[in-house]
2 protein chains.
Amino acid sequence: MTEPGEAVRDAEAVSKFVEGFAAQLVEAGMQRMPARVFAALLSSDSGAMTSAELGEQLQVSPAAVSGAVRYLAQQHMVSREREPGSRRERYRVHSNQWYEALTNRDVVLKRWENALRDGVEGLGETTPAGRRLAETLAFFEFVERELARMMERWRAHREEVFGRD
Amino acid sequence: MTEPGEAVRDAEAVSKFVEGFAAQLVEAGMQRMPARVFAALLSSDSGAMTSAELGEQLQVSPAAVSGAVRYLAQQHMVSREREPGSRRERYRVHSNQWYEALTNRDVVLKRWENALRDGVEGLGETTPAGRRLAETLAFFEFVERELARMMERWRAHREEVFGRD
DNA sequence: CGCTTCTTTCAGAAATTTGTGAAGTTAAGG
DNA sequence: CCTTAACTTCACAAATTTCTGAAAGAAGCG
């Protein structure tokens with residue numbers, strides 16, 4: 001059993017983290033509800049919660065949870081699991097998966113690159129503007145290659161420090 | 001002088017790029033007006049435009065330009081220059097500066113790290129949730145170190161391919 | 001110094017985004 | 001099969017964001 005004050009303090013600590021971290025994600029461009037759901041999952045002991053649990057902890061409707069989870073799943077930031085023998089679903093954040101997903105931002109990079117390529121073509125490679133766009137494009141292509149390598153190094157580093165999953 | 005169709009086609013190409021690239025930036029979380037202003041600067045031949053020019057090209061009020069530029073300057077994505085002997089200001093995107101600024105996203109990283117550190121402390125390093133947050137924190141710290149190195153490599157690579165500025 | 005030109009600030013209108021309740025859909029379990 | 005629990009979709013209300021016009025604030029120039 002926990003000491004009287006424990007459970008309460010813990011709930012407070014969780015809530016504090018959830019709102020604080022979510023706020024940072026929002027600032028970085030994420031929608032509020034997905035950010036809150038994600039933060040809640042990240043700070044849950046099991047790393048997984050049901051729709052109902054999320055709704056209660058965050059004080060929002062099932063519809064809001066549904067929308068947020070759909071978004072997060074699309075971004076590969078959470079995965080859905082069917083609880084066997086129940087129509088309840090649980091949403092899980094794998095320790096790894098989620099920042100791998102963050103690296104999947106190179107989907108975004110790819111789209112930027114395409115827009116830039118179109119720009120270079122439209123403006124002409126030899127115009128000053130065209131050259132600027134081309135250089136920017138080269139930068140993103142460089143970053144993309146480097147990111148892949150970086151993730152490899154991270155996995156090695158991680159295994160060393162935290163051991164295998 | 002340019003051939004009859006030339007100027008028009010060019011304006012169209014510019015506009016196409018501006019709106020297309022801006023749309024991608026918006027999708028990635030940037031506000032629309034800063035995104036459009038930035039794209040316009042990026043695809044201008046001189047890499048610099050006045051407030052009036054921006055307003056006309058984008059069909060927006062001086063107030064909108066002012067707000068967008070303020071934001072972009074805060075993010076170090078453009079710099080402001082006073083046109084000597086005029087109270088007109090020009091806003092410039094340096095070929096380099098701007099993606100250096102993109103790397104300045106490590107300000108964002110720092111804030112995430114702080115939120116995570118608070119979370120680890122609040123939840124306890126030894127709880128499962130605490131450990132997950134700690135690992136996430138370690139990831140970001142790793143990324144931060146790597147990003148710095150990556151930018152060094154980029155500068156070298158860039159000089160090789162494009163020559164010195 | 002005051003005039004003029006450009007930029008910024010601010011209050012409010014318009015548009016967009018966000019979350020809810022309710023109805024609709026799916027699938028487990030009798 | 002029918003019932004029922006759970007998730008999803010949809011139309012709408014509320015909140016937020018975004019842009020504008022107008023007024024105020026700088027800064028060159030006579």
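Convention: sequence-line order gives letters A, B, ...; per-chain numbering from 1.
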Do B:Arg158 and B:Asn96 have a side chain donor and acceptor closer than 3.5 Å?
->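 Yes.
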Touch check for [X], heavy atoms < 4.0 angstrom, all strands: base, sugar-phosphate only, or nothing?
X: A:Val65; value: nothing
X: A:Arg36; value: nothing
X: B:Gly85; value: sugar-phosphate
X: B:Arg87; value: base

Rounding to a whole Å, what distance do you find between [X]:[atom1] and [N]:[atom2]?
X: B:Leu54; N: C:dC6; atom1: CG; atom2: C1'; result: 14 Å
X: B:Gln31; N: C:dA15; atom1: CD; atom2: P; result: 19 Å
X: A:Glu83; N: C:dA27; atom1: CD; atom2: P; result: 17 Å
X: B:Arg90; N: C:dC6; atom1: CZ; atom2: C1'; result: 14 Å
X: A:Arg88; N: D:dC7; atom1: CZ; atom2: P; result: 7 Å
X: B:Arg80; N: D:dA27; atom1: CZ; atom2: P; result: 12 Å
X: B:Tyr71; N: D:dT18; atom1: OH; atom2: C1'; result: 14 Å
X: B:Glu53; N: C:dC6; atom1: CD; atom2: P; result: 12 Å

Which pair of heavy atoms, one from B:Met77 and one from B:Val93, lies closest together, and at what distance?
->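 Heavy atoms of B:Met77 and B:Val93 come nearest at O-CG2, 4.0 Å.
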From the list C:dG21, D:dA22, D:dT9, which nucleotide is the closest neighbour of the side chain of A:Ser66?
->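 The answer is D:dT9, which lies nearest to the side chain.
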Could you please name the option among D:dC7, D:dT20, C:dG21 that lies closest to any side-chain atom of A:Ala63?
->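 The closest nucleotide is C:dG21.
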May I ask you to evaluate whether A:Ser51 reaches the phosphate of D:dC7, defined as a side-chain N or O under 4.0 Å from OP1 or OP2?
->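 Result: yes.
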side-chain N/O A:Arg32 vs D:dT16 OP1/OP2, d < 4.0 Å =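 Indeed not, no polar side-chain atom of A:Arg32 lies that close.
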Distance from B:Leu147 atom CG to B:Met150 atom CE, nearest 0.5 Å?
->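 B:Leu147 atom CG to B:Met150 atom CE measures 5.0 Å (nearest 0.5 Å).
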DNA chain D: 5'-proximal contact among B:Pro62 and A:Tyr91 (nearest heavy atom) =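 Upstream on the strand: A:Tyr91.
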5' priority, DNA chain C, between A:Gln59 and A:Arg82 [closest heavy atom] |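 Whichever sits nearer the 5' end wins; that is A:Gln59.
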Residues A:Arg117 and A:Glu113 bridged, charged N to O under 4.0 Å |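 Looking at A:Arg117 and A:Glu113, the cut-off is met.
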Is any NZ, NE, NH1 or NH2 atom of the basic residue among A:Glu146 and B:Arg153 found under 4.0 Å from an Asp or Glu carboxylate oxygen of the other?
->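 Salt bridge: yes.
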